[in-house]
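Here the structure is laid out as structure tokens; the discussion comes afterwards.
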Amino acid sequence: SFAGEVRATVDLMVLQPQVIDSMAGGWSTFEDGRGSVVQNIKVVAGVEVNATRISYDLVPEGWVGITRTVSPRSGAGSLNLAGTDGLKFFCRGSETSNALEIWLRDASGTIYGRSWEGAIPADWTLQKAVYEDFSCVEGEGAGCRDATFDFGNVTAVYFVVRDRETQDPGSSGWIAIDDLEAFRRDGDEAKRLR
């Protein structure tokens, strides 16, 4: 005989990526001051919708990039990446052997970054970077020596292309970036990455 009703509740935690920028425009260019230049920045077709593309000319060992200052939205302050494990984005480029770098700046002016050496892929490729792979690029005052990075208070994001061909007269190319997101690792992925 049936003796009543049994109910159970299951809490499910869905680890959604935190979208930082769709890369559909609004980025500024910056250059090394040694002769490397961004020739063009424009919005192009991306993986799903739009992406940002820059064309560049680099002097030997020079660099250029794009940056976006994270504006305080509705008084909430800067970008809070605390509780996330890394960043991911799609990129494609002109297959030069230049290095692609991503940098983050915190409220104290410290910049942490991660570099990918080798050819920038010709087809859209997902790049993932866990924060454990980031290191200090520069810090205010004492430089990197005593720098710590505040992932809870990020004020700017940068994508940088650095010349690795180191031949005269330098190198030229283009790169497109799409769908910048912060992610959390689930248990299985965390085990694989250790």
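Keep in mind that what you see is a predicted model, and the values were worked out from it rather than measured.
- Under the 3.5 Å distance criterion, the side-chain polar atoms of S94 are matched with a main-chain donor or acceptor of W174.
- The environment of E48 atom CD is sparse: at most 12 non-hydrogen atoms of other residues, nucleotides or ligands sit within 6.0 angstrom.
- The shortest distance between side-chain heavy atoms of I41 and R53 does not fall below 4.5 Å.
- Among all heavy-atom pairs drawn from V43 and A24, the shortest one is CG2-O, 3.5 Å.
- Between the side chain of D85 and the main chain of R185, a donor-acceptor pair closer than 3.5 Å is present.
- Across all their heavy atoms, L81 and A182 have their closest contact at CD2-CB, 3.7 Å.
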**Request:** Step by step, work out the side-chain contact (heavy atoms from CB on, under 4.5 Å) result for L180 and I102.
**Result:** CA-CA 11 Å; L180 175 61; I102 187 168; 4.0 Å; yes
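- Between E31 and V38 there is a side-chain heavy-atom pair separated by less than 4.5 Å.
- Side-chain contact check for T52 versus D21: every heavy-atom pair is 4.5 Å or farther apart.
- A129 and F183 make their closest contact through O-CE2, 4.1 Å (heavy atoms, listed as atom of the first residue, atom of the second, distance).
- Atom CG of D57 and atom OG of S36 lie 8.5 Å apart (nearest 0.5 Å).
- Under the 4.5 Å side-chain criterion, counting only non-hydrogen atoms from C-beta, F89 is in contact with I177.
- The OG atom of S135 lies 10.0 Å from the CZ atom of R114; values are rounded to the nearest 0.5 Å.
- Annotation: side chain of I20 is in contact with side chain of L79 (closest heavy-atom distance under 4.5 Å).
- Between M23 and V49 the shortest side-chain heavy-atom distance does not fall below 4.5 Å.
- If you chain together hydrophobic residues whose side chains sit under 4.5 Å apart, F90 and W103 never meet in one group.
- Proximity of R34 to E61: side-chain heavy atoms (C-beta onward) are separated by under 4.5 Å at one or more points.
- Of all heavy-atom pairs between V47 and D178, the closest is N-OD2, 2.7 Å.
- Remark: the backbone N or O of R184 is not paired with any side-chain donor or acceptor of T84 at under 3.5 angstrom.
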**Request:** Any chance you could lay out the side-chain contact (heavy atoms from CB on, under 4.5 Å) test for N80 and F151, step after step, and finish with the verdict?
**Result:** CA-CA 6 Å; N80 183 354; F151 285 98; over 6 Å; no
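- Side chains of V59 and D163 form no contact here, defined as non-hydrogen atoms less than 4.5 Å apart.
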**Request:** Take V64 and I54 through the test side-chain contact (heavy atoms from CB on, under 4.5 Å) and record every step on the way to the result.
**Result:** CA-CA 9 Å; V64 297; I54 66 166; 4.3 Å; yes
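- Put simply, CG on L87 and CD on Q18 are 9.5 Å apart, with the number rounded to the nearest 0.5 Å.
- Under 3.5 Å, the side chains of S171 and Y56 contain no donor-acceptor pair of N or O atoms.
- Looking only at distances, no side-chain donor or acceptor of N50 sits under 3.5 Å from a matching main-chain atom of A45.
- Atom CD1 of I66 is separated from atom CD1 of I175 by 8.5 Å, given to the nearest 0.5 angstrom.
- Taking the centre of each ring, F149 and F134 stay at or above the 6.0 Å mark.
- Using modelled atom types and a 3.5 Å distance limit, the side chains of R105 and T155 yield a donor-acceptor pair.
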**Message:** Could you walk me through whether V37 and Q39 satisfy the side-chain contact (heavy atoms from CB on, under 4.5 Å) test, starting with their C-alpha distance in whole Å, then the side-chain angles of each, then the deciding distance to 0.1 Å, before giving a yes or no?
**Reply:** CA-CA 6 Å; V37 291; Q39 294 291 352; 3.4 Å; yes
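- A side-chain hydrogen bond (donor to acceptor under 3.5 Å, both in side chains) check over residues 116-125, counting only residues at least two apart or in different chains, returns the pairs S115-E117, W116-Q127, E117-R164.
- No option in W63, F30, W27 other than W27 meets the ring-ring contact (aromatic ring centres under 6.0 Å, His included) test with F159.
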